[in-house]
Amino acid sequence: MSVFNPILLSIPESFESTRLIIRAPLYGDGAAVNEAVIESREELWPWMPWAKSVPTIEESEITIRKSRLEYLERTDLRLLLIHKETGQLVGSSGLHRMDWQARSFEIGYWARTSYAGQGYIKEAVDAITSFAIQVLGANRIQIKCDSRNQQSAKVAERAGFTLEGILRNDKCANDGSLRDTMIFAKVRGAEF
């Protein structure tokens with residue numbers, strides 16, 4: 001029996017939701033990501049380890065280029081959320097920590113401050129969940145977040161994910177304190 005190699009999958013570079021173009025990163029996206037991260041750093045740094053310091057445009061472009069390569073290799077599927085009308089970067093999401101054999105994926109996300117609280121991330125999570133189920137044949141999709149990050153937890157709940165459990169003292173938060181990690185999931189046969 002041969003081992004499945006995900007690099008053979010033809011995965012679309014983009015798809016859409018009502019208000020968003022959801023697409024793979026492209027060379028040159030670093031400046032837009034940098035602008036969004038700088039605008040949103042105060043809200044992101046408690047939850048996102050990469051937001052501890054302000055990146056340069058060059059650092060953001062390097063990250064985007066690495067994300068592009070990972071997308072092509074199918075080792076991580078970062079997705080940028082682009083507003084259909086304005087063309088502005090709304091945030092970033094994607095499918096991470098993938099187990100291709102089990103078809104298990106984790107959705108991560110963050111919103112640019114000027115677009116936060118307007119339902120864009122929930123909209124993106126719904127579209128990415130459908131993409132994972134229909135295109136990638138997902139059996140499990142999960143969302144993990146710090147138990148103190150109520151905004152992130154609310155997105156998971158609104159998107160119909162079930163809280164499976166809380167890992168106590170699971171990781172160190174950016175401030176050095178121990179944090180609990182909430183795990184939400186949708187699984188084939190139960191939620192889809």
- Task: Indicate the atoms forming the closest heavy-atom contact of Trp110 with Ala36, along with that distance.
- Result: CH2-CB, 3.9 Å
- Message: Side chains of Val33 and Thr63, heavy atoms from C-beta outward: is any pair under 4.5 Å?
- Response: no
- Task: Treat each ILVMFWY residue as a node, draw an edge where side-chain heavy atoms are under 4.5 Å apart, and state whether Leu77 and Phe4 are in one component.
- Result: yes
- Return yes if some donor-acceptor pair links the side-chain N/O of Asn139 with the main-chain N/O of Ala102 below 3.5 Å, else return no. yes
- Query: Can you list every salt bridge (Lys or Arg N to Asp or Glu O under 4.0 Å) pair that touches residues 149-168, not counting sequence neighbours?
  - Reply: Arg140-Glu164
- Task: Compare every heavy atom of Ala156 with every heavy atom of Tyr109, then report the nearest pair and how far apart it is.
- Result: OH-N, 3.9 Å
- Query: Does Arg112 count as lying over the ring of Tyr120, i.e. NZ or CZ under 6.0 Å from the six-ring centre, within 45 degrees of the axis?
  - Reply: no
- Message: For Lys52, is there any backbone N or O sitting under 3.5 Å from a side-chain donor or acceptor partner on Arg41?
- Response: yes
- Side-chain contact, heavy-atom cut-off 4.5 Å: Ile128 with Phe15? yes
- Message: Tell me whether Arg68 forms a cation-pi arrangement with Tyr27, defined as NZ or CZ under 6.0 Å from the six-membered ring centre and within 45 degrees of its axis.
- Response: no
- Query: If we only count heavy atoms from C-beta on, is the Val37 to Ser60 side-chain gap below 4.5 Å?
  - Reply: no
- Close side-chain approach of Ile133 and Arg188, heavy atoms under 4.5 Å: yes
- Item | Phe105 side chain reached by Trp100 side chain, heavy atoms, under 4.5 Å | yes
- Query: Under 4.5 Å between side-chain heavy atoms, hopping through other hydrophobics if needed: is there a path connecting Phe161 to Ile166?
  - Reply: yes
- Query: For the residue pair Ile107 and Ser93, what are the closest heavy atoms and their distance?
  - Reply: CG2-OG, 3.8 Å
- Query: Would Glu70 and Lys66 pass as an ion pair if we require N to O under 4.0 Å?
  - Reply: no
- Query: Does Ile38 sit in a hydrophobic cluster with other residues, and if so which ones, taking ILVMFWY side chains as linked at heavy-atom separations under 4.5 Å, directly or through other members?
  - Reply: Val54
- Item | Minimum side-chain heavy-atom gap Ile64-Leu80 below 4.5 Å | yes
- Task: Take Asp29 and Arg78 through the test salt bridge (charged side-chain N to carboxylate O under 4.0 Å, His left out) and record every step on the way to the result.
- Result: CA-CA 12 Å; Asp29 284 335; Arg78 181 177 183 180; over 6 Å; no
Without placing hydrogens or testing angles, list every side-chain donor-acceptor pair under 3.5 Å for residues 177-184, not counting sequence neighbours.
unit_1 : atom_1 : unit_2 : atom_2 : d
Ser177 : OG     : Arg148 : NH1    : 3.3
Ser177 : OG     : Asp175 : OD1    : 2.6
Arg179 : NE     : Thr181 : OG1    : 3.4
Arg179 : NH2    : Thr181 : OG1    : 3.0
Asp180 : OD1    : Asn169 : N      : 2.8
Thr181 : OG1    : Asp170 : OD2    : 2.7

- Taking all atoms of both residues into account, what is the closest heavy-atom pair of Tyr115 and His83, and its distance? CE2-CD2, 3.7 Å
- Spell out, as yes or no, whether a donor-acceptor pair under 3.5 Å connects the side chain of Gln88 to the backbone of Ile82. no
- Item | Among Glu39, Glu43, Glu42, the one residue meeting side-chain hydrogen bond (donor to acceptor under 3.5 Å, both in side chains) with Thr113 | Glu43
- Could you state whether Leu167 and Ile143 fall into the same hydrophobic cluster, counting links through intermediate Ile, Leu, Val, Met, Phe, Trp or Tyr residues with side-chain heavy atoms under 4.5 angstrom apart? no
- Message: Within the structure provided, determine whether Asn174 and Pro49 are in side-chain contact (heavy-atom separation under 4.5 Å).
- Response: yes
- Message: Test of understanding: clusters of I, L, V, M, F, W, Y form through side-chain heavy atoms closer than 4.5 Å, transitively. Do Leu26 and Leu69 belong to the same one?
- Response: no
- Note on the structure: Taking every heavy atom of Leu20 against every heavy atom of Lys84, the minimum-distance pair comes out as O-CE, 3.5 Å
- Query: If only atom types and distance count, is the side chain of Glu123 paired as donor or acceptor with the main-chain N or O of Ser17 below 3.5 Å?
  - Reply: no
- Note on the structure: Rounded to the nearest 0.5 Å, the CG atom of Asn5 sits from the CD atom of Glu73 at a distance of 10.5 Å
- Item | Over 12 non-hydrogen atoms of neighbours within 6.0 angstrom of CD in Glu16 | yes
- Least distance between heavy atoms, Glu191 atom then Gly160 atom: CG-O, 4.2 Å
- Item | Contact check, side chains of Ser152 and Asp146, non-hydrogen atoms, under 4.5 Å | no
- Message: Under 4.5 Å between side-chain heavy atoms, counting indirect links through other Ile/Leu/Val/Met/Phe/Trp/Tyr residues: same cluster for Leu44 and Val125 or not?
- Response: no
